[in-house]
Amino acid sequence: MIYTVTLNPAVDNIIRTKATLTRGKNNRIVEKKLDVGGKGTHVSVGLTLLGEENTCTGITGEKGTEVLVDLLEQYNVKASFHTVSQKEVRNNFVLTDQSGEGSYMITDYGFALTKEMIEEFLLKNLTSLKCSDTVIISGNPSMYTSIEVFSLFLKKLVEKNVRIVADVSNSFLYEVLQQKIFLIKPNQYEFSDMVGEEVHSPEDCISAYKRNRTKLKNVENISVSLGVEGSVFLSEEKIYTFRPPQVKTVNDTGSGDAFLSGLIFGLLNSYSIEDTGVLATAIGAAKAEEEKSTGFSIRRSKELEPYVNYKKIG
Ligand code: TA6
């Protein structure tokens, strides 16, 4: 079974303005909609669209959970959140306009997780976890959460000997690297922190990876996202670069999460690295063409696959 874990889920308030967003001007709203927010929730939507059964879990505030669960149900995603009384679901804001230059993401902090919340979550929502399962921790807990609490959660997963995928950053990513991890998806800045040297291009990533293999020995697969430059897939046996085709960007929010759902789908279904990377890259590009912050058109991603450029490096 696959479980996504979003430790700070959100409802995205997507606001589209008529003209390009400009300071000092009255930026008239042409459309407002709510969508699923928080990274692991997006991965669950992506996996569900790809036909991969999964359970969308996490810890969220009691107030407003029904909005988030309803939004997930619209994508046929099965949700099982641990809800904390007296807390509310986080509201994030995604501003888009017709400039085609991407979105502005304005996010709330959310609330600090405690040891008790983690223990209750594991007891109530991850009870049937077994060693062949995959747990995808995607999105950081609120930054008010102590690293000890996050580390406790990780250690409990390691004890259950599950396959762990993590898309987290900052001190949470450092914590993840202390454990045996199946896949991480850092961006180039997070990867620079991991290896302790600046990386600006796919070539920089590859040479830095080769110089720092010992530091990264716990991680089986790494996909470094490099924005428009695409991504670099790094593992002991295989190294590839993938570059997305040019698309008209409507809302790039959630493209990285959609990409991750494609990576996971390919790797867990024993696709070749080429096919996995092409699938994931086309999905990320298809997502950017959508107005909402989650979901993508499978048909459109199939159309885009032939235009994904990839290179086998090692
Ligand atoms: O990756 C997209 C997204 O999940 C948005 O939907 C928005 O909710 C934001 O990222 C949440 O990011 P955060 O790092 O605050 O959990």
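Counting starts at 1 for both ligands and their atoms, in listed order. In what follows, every heavy atom counts, from backbone to side chain, and hydrogens, waters and symmetry copies are set aside.
- Of the protein's non-hydrogen atoms, the one nearest atom 14 (O) of ligand 1 is Lys39 CE, 3.6 Å.
- Between Thr253 and ligand 1, no N or O atom pair is found at a separation short of 3.5 Å.
- Using a 4.0 Å cut-off between charged nitrogen and carboxylate oxygen, Glu220 and Lys180 do not count as a salt-bridge pair.
- Look at Glu303 and Arg300 and you find a salt bridge, because one of the NZ, NE, NH1 or NH2 atoms lies within 4.0 Å of a carboxylate O, short of that distance.
- For the ligand labelled ligand 1, residue Gly139 lies outside the 4.0 Å heavy-atom shell.
- Ranking protein heavy atoms by distance to atom 5 (C) of ligand 1, first place goes to Asp12 OD2, 3.3 Å.
- Atoms of ligand 1 lying under 4.0 Å from at least one heavy atom of Met105, given by number and element, are 5 (C), 7 (C), 9 (C), 10 (O).
- Remark: aromatic rings of Phe265 and Tyr271 are close, center separation under 6.0 Å.
- Between Glu62 and Lys87 there is no salt bridge, since none of the side-chain N atoms of the basic residue sits less than 4.0 Å from a carboxylate O of the acidic one.
- In terms of polar-atom proximity, defined here as any N/O pair under 3.5 Å, Asp257 does make such a contact with ligand 1.
- Within the 4.0 Å heavy-atom criterion, neither part of Lys292 lies near ligand 1.
- Within the listing of ligand 1, atoms 6 (O), 8 (O) sit less than 4.0 angstrom from a heavy atom of Gly37.
- Heavy-atom distances between Gly256 and ligand 1 stay at or above 4.0 Å for every pair.
- Of the protein's non-hydrogen atoms, Gly38 N, 3.2 Å is the one closest to atom 4 (O) of ligand 1.
- Closest protein heavy atom to atom 15 (O) of ligand 1: Arg90 NH1, 2.8 Å.
- Considering both main-chain and side-chain atoms, Asp108 never comes within under 3.5 Å of ligand 1 through any nitrogen or oxygen pair.
- Heavy atoms only, all atoms of each residue included: Leu263 and Ala280 are closest at N-CB, 3.5 Å.
- Ligand 1 places these atoms under 4.0 Å from at least one heavy atom of His42: 2 (C), 3 (C), 4 (O), 5 (C), 6 (O).
- In terms of polar-atom proximity, Asn92 is counted as a contact of ligand 1, with an N or O under 3.5 Å from an N or O of the ligand.
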